[in-house]
Number of protein chains: 2
Amino acid sequence: MRFTTFSDRAARMVRHPGFYKFAVLVAVSGGGAVAYADARSDPSSEYAQAGPKKKLVVLGTGWAGTSFLKNLDTSLYDVRVVSPRNYFAFTPLLPSVTCGTVEPRSIVEPIRNIMRKKTGPIRFSEAECYNIDPTNKKVLCRSTIGTNLDGNGEFELDYDYLVVALGARPNTFNTPGVSEHCHFLKEVEDAQRIRRSVMNCFEKASLPNLNEEERKKNLHFVVIGGGPTGVEFAAELHDFVQEDLSKLYPNALELVKISLIEAGEHILTMFDKRITQFAEEKFRRDGIDVKTNFKVVKVSGDAITMINSSTGEVNVPYGMAVWSTGIGTRPIILDLMKQINQGNRRVLATDEWLRVLGCENIYALGDCATIAQRKVMEDISSIFRVADKDNSGTLTVKEIKDVLEDIVERYPQVALYLKTKQMKDFLDLLKESEGDVVKESVELDIERFKKALSQVDSQVKMLPATAQVAAQEGEYLAKCFNKMKFCEENPEGPLRIRGEGRHRFKPFRYRHLGQFAPLGGEQTAAQLPGDWISIGHSSQWLWYSVYASKQVSWRTRFLVVSDWMRRFIFGRDSSCI
Amino acid sequence: MRFTTFSDRAARMVRHPGFYKFAVLVAVSGGGAVAYADARSDPSSEYAQAGPKKKLVVLGTGWAGTSFLKNLDTSLYDVRVVSPRNYFAFTPLLPSVTCGTVEPRSIVEPIRNIMRKKTGPIRFSEAECYNIDPTNKKVLCRSTIGTNLDGNGEFELDYDYLVVALGARPNTFNTPGVSEHCHFLKEVEDAQRIRRSVMNCFEKASLPNLNEEERKKNLHFVVIGGGPTGVEFAAELHDFVQEDLSKLYPNALELVKISLIEAGEHILTMFDKRITQFAEEKFRRDGIDVKTNFKVVKVSGDAITMINSSTGEVNVPYGMAVWSTGIGTRPIILDLMKQINQGNRRVLATDEWLRVLGCENIYALGDCATIAQRKVMEDISSIFRVADKDNSGTLTVKEIKDVLEDIVERYPQVALYLKTKQMKDFLDLLKESEGDVVKESVELDIERFKKALSQVDSQVKMLPATAQVAAQEGEYLAKCFNKMKFCEENPEGPLRIRGEGRHRFKPFRYRHLGQFAPLGGEQTAAQLPGDWISIGHSSQWLWYSVYASKQVSWRTRFLVVSDWMRRFIFGRDSSCI
């Protein structure tokens with residue numbers, strides 16, 4: 001009751017003239033918003049089992065885990081959730097938290113609050129899983145709460161299904177000194193620490209008895225990594241300094257320097273070139289020192305050492321450094337990989353249904369795993385066999401057409417390849433490989449078939465490690481779990497190529513909804529599907545709209561929007577707490 | 001411009017029907033609000049010196065220090081402020097922060113923001129003063145920022161005037177284990193730690209593998225000290241558990257226990273008996289275990305040991321303990337006291353003009369000092385000498401009347417005594433001491449004069465260690481500093497009793513504006529001047545109004561009010577961050 005009333009009120013508020021661009025979000029954020037709709041009634045309900053429920057253990061409450069829980073029909077399973085954080089954090093706003101544009105509590109929602117709205121009971125334990133035992137189907141956990149509190153913090157959980165959504169850790173590439181001296185920006189606590197650290201640098205630089213050089217060192221902020229997170233943090237920090245701290249620390253202002261170090265040739269390489277160029281130029285105008293082609297090789301308490309092919313090794317004194325160069329695999333995942341013969345891989349691999357390769361009933365999603373898309377060339381003889389219904393040893397165009405839909409579903413690279421080459425169908429593919437006009441009546445042997453498909457695997461794509469991918473994976477997997485029973489009898493997936501019959505579910509398919517790169521000064525670059533690029537103030541409003549709409553609850557939506565209002569009116573707070 | 005516009009808007013918002021009781025605050029909070037008005041133009045401006053400005057060093061940015069700075073005409077002095085916190089915290093809302101009713105950032109305001117609005121420049125250093133050297137007129141400070149930041153964190157400041165507003169520390173009465181195992185509630189960080197700790201207790205108690213006894217222990221919250229802070233925290237915690245956590249931790253609810261331990265016979269002894277009784281009964285109904293006459297003698301990681309005359313020593317297992325029994329003197333103040341021959345006192349003593357006794361040009365205010373009100377009996381012969389203008393050796397009633405105003409101003413206990421005994425004037429006093437009717441024409445020798453005044457010193461009152469006292473002292477002292485030059489030539493204080501002429505300023509006089517004791521469940525007890533007692537929901541609204549009005553800036557006012565709104569609509573957040 002309380003909620004409904006407020007939702008209406010808040011919706012009215014948000015539809016206020018100032019938020020007129022809010023409407024856009026409906027078009028843009030459709031997919032992501034669905035990721036947080038509660039599980040709807042689906043065919044599975046009639047298949048609810050009578051016996052004891054299967055034990056479903058979920059590890060992690062980040063984007064993947066939370067999206068999974070939100071969409072799961074929890075009445076079907078005995079659900080246990082284990083995570084060292086009892087909340088979900090809206091991580092895309094973490095860079096805003098570092099400078100107080102948004103408060104940390106505005107972007108977190110207690111996981112128990114999310115669970116409370118579910119139909120079935122879920123049990124949550126604030127603990128860290130430190131071992132996954134696929135042989136005995138159990139996980140070992142321990143509580144990270146280290147106080148005088150009583151009781152054994154260690155426990156084991158048995159599972160029938162295990163959903164691993166543990167996320168990743170920052171990747172230091174074993175660069176010496178990074179863990180000791182750099183800040184990361186993955187958790188809410190990281191953002192809080194950065195905020196305090198920024199203020200400490202300003203306060204330290206304002207003390208008497210420091211010479212100019214020392215003040216300059218303390219006010220040198222270095223961001224390592226020119227990806228979206230690093231760029232957004234640099235932009236936020238620049239705005240914070242110019243808009244707020246300049247008034248409170250007028251003498252410090254001219255000594256402040258922000259450097260952005262990138263090992264590659266450009267920053268924001270995952271974006272369109274126009275965005276990269278705009279960002280680099282804007283940063284140059286803003287006085288942010290963008291150093292591309294510089295690789296950091298060592299970080300000490302005093303200086304950052306980096307190398308560049310033309311300048312060689314340089315030492316740069318700094319006050320604060322933020323390391324944001326990418327993600328690495330967590331030790332517990334590495335350990336699991338060894339147990340299931342994935343030890344030679346760098347990342348945990350799953351199939352296209354998010355099932356971990358090499359073990360049973362373990363699913364992995366989000367940043368802790370990647371989908372190892374099966375190659376067409378690996379399966380080419382099986383594909384030929386499946387397509388060759390009359391066992392003639394050759395394929396007619398009709399035979400190929402009959403299985404093409406299943407093949408495209410199973411191997412999305414085929415469709416991608418056709419699209420990239422602007423081809424209509426398989427005949428065009430054949431035409432390309434044979435360099436000649438091909439008749440409808442052609443019959444292919446395996447060699448010609450193989451040759452025609454030989455290039456398609458070049459289009460196998462790795463999904464990026466983003467919140468969007470994780471949320472979609474979570475939603476997809478929850479829906480599979482919801483209709484597990486139903487689909488066992490009524491499989492809806494493509495034909496099995498190596499086996500018999502059909503797959504239970506359609507494989508996971510990612511829909512890219514676009515990506516933002518906030519560049520500071522109320523300007524954002526947006527890259528939307530269909531190569532639509534938008535840069536500037538209008539994209540900033542789009543950003544506000546989308547991020548407000550994607551909030552996990554009405555509470556956080558209210559808080560984030562009121563934080564933005566507060567910032568517009570009063571600026572950001574600079575208290576060292 | 002930005003501010004003015006908002007002030008109007010915010011004022012409109014706050015005058016909304018829901019805040020109709022807001023009007024009350026104008027009547028109640030007049031005094032305190034003035035404490036934050038900026039320094040107004042006063043006669044001193046024409047006395048602004050031409051030479052180098054005198055160096056004024058202010059230590060501390062709590063209630064006393066901030067109130068002093070807000071009211072000081074900073075163009076008259078070379079002002080340096082040193083404090084380990086670069087913000088002012090509205091401490092009366094700290095108990096609300098412990099449970100997330102109000103966010104920590106909503107009650108803090110950067111001291112540089114306050115300084116920025118002053119006419120003259122102020123330099124602030126975030127550092128801790130660790131030594132005051134009254135002989136050489138300097139203070140030794142060091143930065144508490146412990147990172148890789150460069151530069152010497154130690155520095156000295158010379159002063160012409162030193163304002164010591166360092167506050168107090170929690171008093172453990174040397175009870176073993178308190179510092180190690182108990183939380184205090186004096187700083188913003190304390191409140192944040194308590195909040196995390198409460199959530200940890202609930203999360204720990206929700207883990208598998210704990211038995212009932214261990215769960216109960218983890219969910220036993222103990223508050224030691226039945227003063228306003230302890231009582232308010234217990235009430236806040238009870239509300240948090242009942243209103244919010246009960247929904248998220250339904251199984252934990254029946255195991256939760258809140259105990260309030262008080263060494264005296266009753267809680268809230270500084271309040272009227274009716275309030276004490278109401279509070280004790282309300283807590284009993286709420287299930288808060290109020291243990292009076294229990295003295296805590298030891299705290300270990302597992303249990304709290306206390307003694308009671310009837311039960312003897314008892315050990316109580318607990319999950320979290322908050323120690324809130326009063327304040328003690330900081331080591332730096334104890335050190336100063338030794339240097340200036342105050343080593344035998346427990347608290348730093350100042351005269352009625354807030355000047356530290358035994359040294360020059362050092363002022364102390366707030367919780368770090370007390371005013372040692374001069375006794376009439378100590379000065380009785382001097383008073384007699386001053387009053388006896390004709391040196392006749394006897395005083396006529398007229399002679400007494402001539403100096404009575406000055407004497408009452410210098411020794412406020414005289415007026416207090418007359419008021420307590422419901423006497424009109426000195427003649428009534430004389431009548432009481434002589435037990436007979438006294439004529440107007442009476443002439444008193446020193447013995448009769450002494451006898452008449454012999455009881456008045458019983459009315460010497462120590463000021464309570466409250467925000468209200470500190471704020472008023474700060475305002476008073478700032479006004480003295482603003483008119484220092486003017487008053488040197490035009491003294492406005494009472495006659496000097498031991499010396500010649502008049503005192504430069506009127507001595508500090510505290511005006512008690514009332515006190516609140518929030519008891520939870522939207523009920524507050526209020527004790528207002530004139531023994532007006534109000535308990536219940538209406539006082540809660542008065543509390544909201546007064547606390548909103550007393551906020552140090554429009555920003556914090558906006559934030560505190562929106563925090564309250566957020567709590568009403570969405571409840572409190574339980575994320576462990």
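Note that the coordinates shown come from a computational prediction; the quantities given were computed from them, not determined experimentally. Here is how names work: the chains are called A, B, and so on, in the same order as the sequence lines, proteins then strands, and each is numbered from 1. Hydrogens, waters and symmetry mates are skipped; everything else that's a heavy atom, side chains included, is used.
Side-chain N or O atoms of A:Arg105 include one that pairs as donor or acceptor with a backbone N or O of B:Ser575 at under 3.5 Å. For the pair B:Asp573 (side chain) and A:Glu109 (backbone), a donor-acceptor distance under 3.5 Å is absent.
The side-chain heavy atoms of B:Glu126 and A:Cys576, taken from C-beta on, include a pair separated by under 4.5 Å. Contact check for B:Lys204 versus A:Ser143: side-chain heavy atoms found under the 4.5 Å cut-off. With contacts defined as side-chain heavy-atom distances shorter than 4.5 Å, the pair A:Pro208/B:Arg80 qualifies.
Only the side chain of B:Leu559 comes within less than 4.5 Å of a heavy atom in chain A; its backbone stays farther off.
Remark: A:Phe90 pairs with A:Trp63, A:Tyr547 by the ring pair (Phe, Tyr, Trp, His ring centres under 6.0 Å) rule, at least two apart or across chains. Residues forming a salt bridge (Lys or Arg N to Asp or Glu O under 4.0 Å) with B:Glu128 (at least two apart in sequence, or on another chain): none.
Rounding to the nearest 0.5 Å places CH2 of A:Trp554 at 8.5 Å from CZ of B:Phe570. Atoms CD1 and CD, on B:Ile577 and A:Gln192 in that order, are 5.0 Å from each other to the nearest 0.5 Å. Atom OG in B:Ser574 sits 12.0 Å away from atom OH in A:Tyr87 (nearest 0.5 Å).
The two residues B:Asn209 and A:Glu154 come nearest to each other via the heavy atoms ND2-O, 3.0 Å. Scanning all heavy atoms of the two residues, the minimum distance from A:Pro110 to B:Leu248 falls at CB-CD1, 4.5 Å.
Heavy atoms of other residues, nucleotides or ligands lying less than 6.0 angstrom from NZ of A:Lys186 number more than 12.
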I'd like to know whether B:Lys247 forms a side-chain contact (heavy atoms from CB on, under 4.5 Å) with A:Arg116, so could you lay out the CA-CA distance, the side-chain angles of the two residues, the decisive distance to 0.1 Å, and finally the verdict.
CA-CA 8 Å; B:Lys247 294 171 199 148; A:Arg116 193 161 64 94; 3.5 Å; yes

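Remark: A:Arg112 engages B:Glu203 in a salt bridge, criterion side-chain N to carboxylate O under 4.0 Å.
Listed options A:Arg123, A:Arg195, A:Glu103 were ranked by heavy-atom pairs under 4.5 angstrom with chain B; first place goes to A:Arg195.
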